[in-house]
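The structure presented is a predicted model; accordingly, all values stated were derived computationally and were not measured. Each ligand, and each atom within it, is numbered from 1 in the order the structure gives.
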Amino acid sequence: MMKVLICDATAQSALDMIAEAGIEVVNKPAITPEELLEEIAEYDAMVVRSRTKVRKPVIDAATKLKAIVRGGVGLDNIDVKYAGSKGIQVLNTPTASTAAVAELAIGYIFALARNIPQMTISMEEGEWAKKSFSGTEIAGKTLGLIGAGRIACSVGQKANALGMAVVAYDPYVESAEGIKIVALEELLTLADYISLHVPYNEGTHNILNADTFAEMKDGVYVINCGRGGTIDEDALFDSLKSGKVAGAALDVYTEEPSMGHKLYTLEQVIGSPHIGAGTVEAKARVGTEVAKNVINVLKG
Ligand code: NAD
């Protein structure tokens with residue numbers, strides 16, 4: 001019987017689907033790197049999310065492995081090229097979390113515009129600070145998207161429906177419905193909100209930095225539900241301190257996990273611990289796609 005090792009938390013419905021297809025499922029969502037190295041030779045496929053790293057030593061030890069299936073979008077935690085050179089297929093679930101991440105980014109636009117988290121904290125502290133909080137409206141404002149892929153386009157379409165003008169910078173995309181593709185320089189000068197939806201790569205490393213912050217409108221808001229490493233966090237800190245950037249909402253960070261980050265000493269920074277894809281619905285979709293990928297590779 002073919003065997004699949006589940007290395008990170010995966011929906012029970014996915015494990016059931018795989019088992020029903022006649023594949024033995026071994027669920028070890030807390031497996032350590034040492035245990036993984038020892039045990040991986042027994043398996044035909046492995047399922048990971050972000051926690052488990054699949055680099056050369058694991059791949060070398062995985063003598064029977066046919067597939068590495070990642071529940072999620074990026075493949076940053078897997079040495080895809082090396083796996084490919086050993087004939088191992090690497091598959092992910094690229095569309096399953098699009099809606100969840102897009103909705104979080106839209107949620108952050110509202111939260112920033114109306115100071116929703118800060119007002120909640122004030123209420124919890126027993127205040128009635130009606131005069132301290134003045135909001136702005138998002139209708140009529142311009143949203144600048146860095147990246148014009150699946151998630152960015154979904155954010156752009158929702159923003160359009162909310163009355164925002166939408167521009168995007170993406171050197172690999174020529175056109176997108178309801179979104180004007182522009183040069184980065186133009187986006188920086190036009191946008192009231194800048195939302196990042198790019199992978200981390202050479203071209204996106206610290207794409208927001210001291211120089212690009214300087215080009216932005218005064219009082220711009222910045223949102224990152226994409227990948228860490230795309231914002232120079234020291235430059236963002238300085239731009240928030242000076243008031244150039246009015247507020248920032250962050251789901252991803254240069255170093256993760258990120259506890260006690262200095263950006264959170266600023267009350268105009270709001271955020272979350274990389275949970276962009278963390279909805280019930282997205283987790284279920286990720287599970288179904290993971291199961292289908294495993295079954296397709298092992299059962300054809
Ligand atoms: P996608 O591949 O559809 O879109 C990414 C876009 O980035 C592409 O259109 C690509 O051309 C563009 N791009 C690449 N390099 C660029 C550069 N140098 N400058 C500008 N654009 C560039 O991916 P997606 O599904 O839309 O996901 C977008 C990002 O969101 C990914 O980084 C993904 O890892 C991240 N993500 C985060 C979460 C989360 O939990 N916060 C969940 C899912 C995805």
Inset, instruction - Verify whether one side chain among T230 and N224 offers a donor that lies under 3.5 Å from an acceptor in the other. - result: yes

Inset, instruction - Using distance alone, determine whether R227 and ligand 1 share an N or O pair under 3.5 Å. - result: yes

Legend entry - Distance-only polar pair, side chains of N77 and S50, donor-acceptor under 3.5 Å: no

Inset, instruction - Search all heavy atoms of A152 against all heavy atoms of G147 and return the closest pair with its distance. - result: CB-O, 3.1 Å

Legend entry - Atoms in ligand 1 with a heavy atom of H274 nearer than 4.0 Å: 39 (C), 40 (O), 41 (N)

Legend entry - Short side-chain donor-acceptor distance under 3.5 Å, H261 and E255: no

Inset, instruction - Could you list the atoms of ligand 1 found under 4.0 angstrom from a heavy atom of P199? - result: 5 (C), 7 (O), 14 (C), 32 (O)

Inset, instruction - Taking only heavy atoms of D251 into account, list the atoms of ligand 1 that are under 4.0 Å away from them. - result: 39 (C), 40 (O), 41 (N)

Legend entry - Counterpart residues, side-chain hydrogen bond (donor to acceptor under 3.5 Å, both in side chains), relative to Y221 (two or more places apart): none

Inset, instruction - For G226, take its heavy atoms, then give the atoms of ligand 1 lying under 4.0 Å from any of them. - result: 30 (O), 35 (C), 36 (N), 37 (C)

Inset, instruction - Indicate, with yes or no, if V166 and Y193 share a hydrophobic cluster defined by side-chain heavy-atom contacts under 4.5 Å among Ile, Leu, Val, Met, Phe, Trp and Tyr. - result: yes

Inset, instruction - Looking only at protein heavy atoms, identify the closest one to atom 21 (N) of ligand 1 and say how far it is in Å. - result: V198 CG1, 3.3 Å

Inset, instruction - Considering only non-hydrogen protein atoms, determine which one is nearest to atom 20 (C) of ligand 1 and report residue, atom name and distance to 0.1 Å. - result: P171 CD, 3.3 Å

Legend entry - Side-chain donor/acceptor of D251 to backbone N/O of H274, under 3.5 Å: yes

Legend entry - Which residue and heavy atom of the protein sit nearest atom 8 (C) of ligand 1, plus the separation: D170 OD2, 3.4 Å

Inset, instruction - Would you mind checking which non-hydrogen protein atom is closest to atom 2 (O) of ligand 1, with the distance to 0.1 Å? - result: R150 NH2, 3.6 Å

Legend entry - Counterpart residues, ring pair (Phe, Tyr, Trp, His ring centres under 6.0 Å), relative to F237 (two or more places apart): none

Legend entry - Geometric cation-pi criterion K244 and F213, 6.0 Å radius, 45° cone: no

Legend entry - Side chains of E289 and N293, donor plus acceptor under 3.5 Å: no

Legend entry - Nearest non-hydrogen protein atom, atom 4 (O) of ligand 1: G149 CA, 3.3 Å

Inset, instruction - Write out the residue and atom name of the closest protein heavy atom to atom 17 (C) of ligand 1, then the distance separating them to 0.1 Å. - result: T204 CG2, 3.4 Å

Legend entry - Residue V101 vicinity, atoms of ligand 1 by number, heavy atom under 4.0 Å: 38 (C), 42 (C), 43 (C)

Legend entry - Same cluster (ILVMFWY, side-chain, under 4.5 Å), L91 and I68: no

Legend entry - Nearest-0.5 Å distance, CD1 of residue I59 to NZ of residue K86: 9.0 Å

Legend entry - Hphob cluster co-occupancy, L196 + Y108, side-chain heavy atoms under 4.5 angstrom: no

Legend entry - Atoms in ligand 1 flagged as close to S97, the criterion being non-hydrogen separation under 4.0 Å: 43 (C)

Inset, instruction - Indicate yes or no: does an N/O atom of I151 lie under 3.5 Å from an N/O atom of ligand 1? - result: yes

Inset, instruction - Report, in ascending order of atom number, the atoms of ligand 1 lying under 4.0 Å from any heavy atom of G276. - result: 39 (C), 40 (O), 41 (N)

Inset, instruction - List every atom of ligand 1 that sits less than 4.0 Å from any heavy atom of G203, numbering the atoms from 1 in the order shown and giving each element. - result: 18 (N)

Legend entry - Heteroatom distance test (Y200, ligand 1): nitrogen or oxygen, under 3.5 angstrom: no

Inset, instruction - Using a 4.0 Å heavy-atom threshold (strictly under), name the region of V73 that reaches ligand 1: side chain, backbone, both or neither. - result: side chain

Legend entry - Nearest neighbour in protein (non-hydrogen) for atom 28 (C) of ligand 1: H197 O, 3.4 Å

Inset, instruction - Could you say whether the N/O atoms of V252 and ligand 1 ever approach to under 3.5 Å? - result: no

Legend entry - Distance-only N or O hit between ligand 1 and N201, under 3.5 Å: yes

